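Quick caveat: nothing in here was measured; it's all calculated off a predicted structure. Note that the numbering runs from 1 along the sequence shown for the chain.
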Amino acid sequence: RRVLFRSPSMKSTNTIRLLSLLSLAVTLAVSCSKKPGYSAFEKQGPDYYAGFITNCDSLISKASEGNNNHTNRLLYLQGNDPMLPPIIQSLHPTKVKVFSGIDEKGSYLAEVLIMFGVSREGWSIAWGQRDYDYGTNAVPWVLSINTEEEHRILFSTNKPPRIGNIGPQ
């Protein structure tokens, strides 16, 4: 019978290999910790965001169609709903919330919230504004990307879109 005997140098070589593999695994885990799709979306350029915003505005417009009495409209759409523009469908969202309406002060409010995943594990993209006083106190329309830990503004403008029969004239 042959007995294999490992020399001390073989043990240290195996230890170094194991530590290298563990280090690689930790590095990969840290680099992949961003939510899927998050990094790709935040790295897009101005032309992409302009097209994305135009499509979000069309959803707000669809939500406000026939809304001549300025009542609030809220739509919840599944991520594969055919009403969603292709640029939004291609992101594979979980669901999309579209709001259009007037608050108690008479200010126009609108937002598209595109959600990915669930609860704290998820992330979202939002296009909208919270308060617009028909030209007197414009609050920027903001395109943002959001996680539990982070809120990043990717683009903002003070010029609101003209949407349907409501909003600034």
Side-chain angles (χ1 to χ4, degrees), residues 23-67 72-103 107-169:
S23 174
L24 178 63
V26 168
T27 302
L28 285 172
V30 169
S31 68
C32 295
S33 65
K34 288 271 188 180
K35 315 293 185 191
Y38 179 100
S39 294
F41 187 83
E42 75 176 339
K43 292 178 182 171
Q44 295 295 329
D47 291 340
Y48 178 86
Y49 293 142
F52 188 84
I53 288 167
T54 298
N55 282 277
C56 288
D57 289 343
S58 75
L59 282 175
I60 294 170
S61 184
K62 286 178 185 176
S64 65
E65 280 178 4
N67 194 9
N72 293 340
R73 295 285 175 100
L74 178 62
L75 298 176
Y76 278 102
L77 305 169
Q78 291 301 312
N80 60 355
D81 192 296
M83 183 177 170
L84 293 174
I87 195 168
I88 295 174
Q89 284 185 7
S90 71
L91 298 171
H92 306 289
T94 307
K95 60 184 164 185
V96 177
K97 180 182 94 170
V98 184
F99 175 78
S100 174
I102 307 295
D103 73 4
S107 298
Y108 175 66
L109 303 173
E111 180 180 51
V112 175
L113 181 64
I114 302 161
M115 296 168 270
F116 303 86
V118 292
S119 187
R120 293 175 190 220
E121 296 302 314
W123 62 283
S124 66
I125 299 167
W127 167 247
Q129 44 68 249
R130 297 287 182 220
D131 191 12
Y132 189 84
D133 241 355
Y134 294 105
T136 58
N137 295 314
V139 172
W141 284 70
V142 175
L143 177 65
S144 63
I145 190 166
N146 313 286
T147 68
E148 176 83 7
E149 305 85 26
E150 179 180 34
H151 173 80
R152 286 199 47 220
I153 294 175
L154 302 173
F155 173 81
S156 68
T157 179
N158 283 332
K159 183 179 179 189
R162 173 75 174 101
I163 298 170
N165 294 319
I166 58 178
Q169 302 296 320

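Note that the CD atom of Q89 and the CD1 atom of I114 stand 11.5 Å from one another [nearest 0.5 Å]. In this structure, T94 OG1 and N80 CG are separated by 10.5 Å, a value rounded to the nearest 0.5 Å. Considering CZ of F52 and CG of L143, their distance stands at 6.5 Å, rounded to 0.5 Å. Note that the CG atom of L84 and the NZ atom of K62 stand 8.5 Å from one another [nearest 0.5 Å]. Rounded to the nearest 0.5 Å, atoms CD1 (I88) and OG (S58) are 7.0 Å apart. Taken to the nearest 0.5 Å, the OG atom of S124 stands 5.0 Å off from the CG atom of L113.
Between the side chain of S61 and the main chain of D57, no donor-acceptor pair closer than 3.5 Å is present. Judged purely by atom type and a 3.5 angstrom limit, Q78 has no side-chain atom pairing as donor or acceptor with the backbone of K95.
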task = Walk me through it: do I145 and W123 pass the test side-chain contact (heavy atoms from CB on, under 4.5 Å)?
result = CA-CA 8 Å; I145 190 166; W123 62 283; 3.7 Å; yes

key: Worked verdict on V98 versus L74 for side-chain contact (heavy atoms from CB on, under 4.5 Å)   = CA-CA 6 Å; V98 184; L74 178 62; over 6 Å; no

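Considering every non-hydrogen atom in both G51 and N55, the closest pair reads O-ND2, 2.7 Å. E111 and A126 get closest at one heavy-atom pair: OE2-CB, 3.9 Å. When all heavy atoms of W127 and C56 are compared, the closest pair comes out as CD1-CB, 3.5 Å. Minimum interatomic distance between W141 and A110 (heavy atoms only, all atoms of both residues): CH2-CB, 3.7 Å. Of all the heavy atoms in R152 and N146, the pair that sits closest is N-OD1, 4.5 Å. Heavy atoms only, all atoms of each residue included: M83 and L75 are closest at CE-CD1, 3.7 Å.
The six-membered or imidazole ring of F41 lies near that of Y49, with a centre-to-centre distance under 6.0 Å.
Residue Y76 places its OH atom among 12 or fewer non-hydrogen atoms of other residues, nucleotides or ligands, all under 6.0 Å distant.
At least one side-chain heavy atom of V112 sits under 4.5 Å from a side-chain heavy atom of V96.
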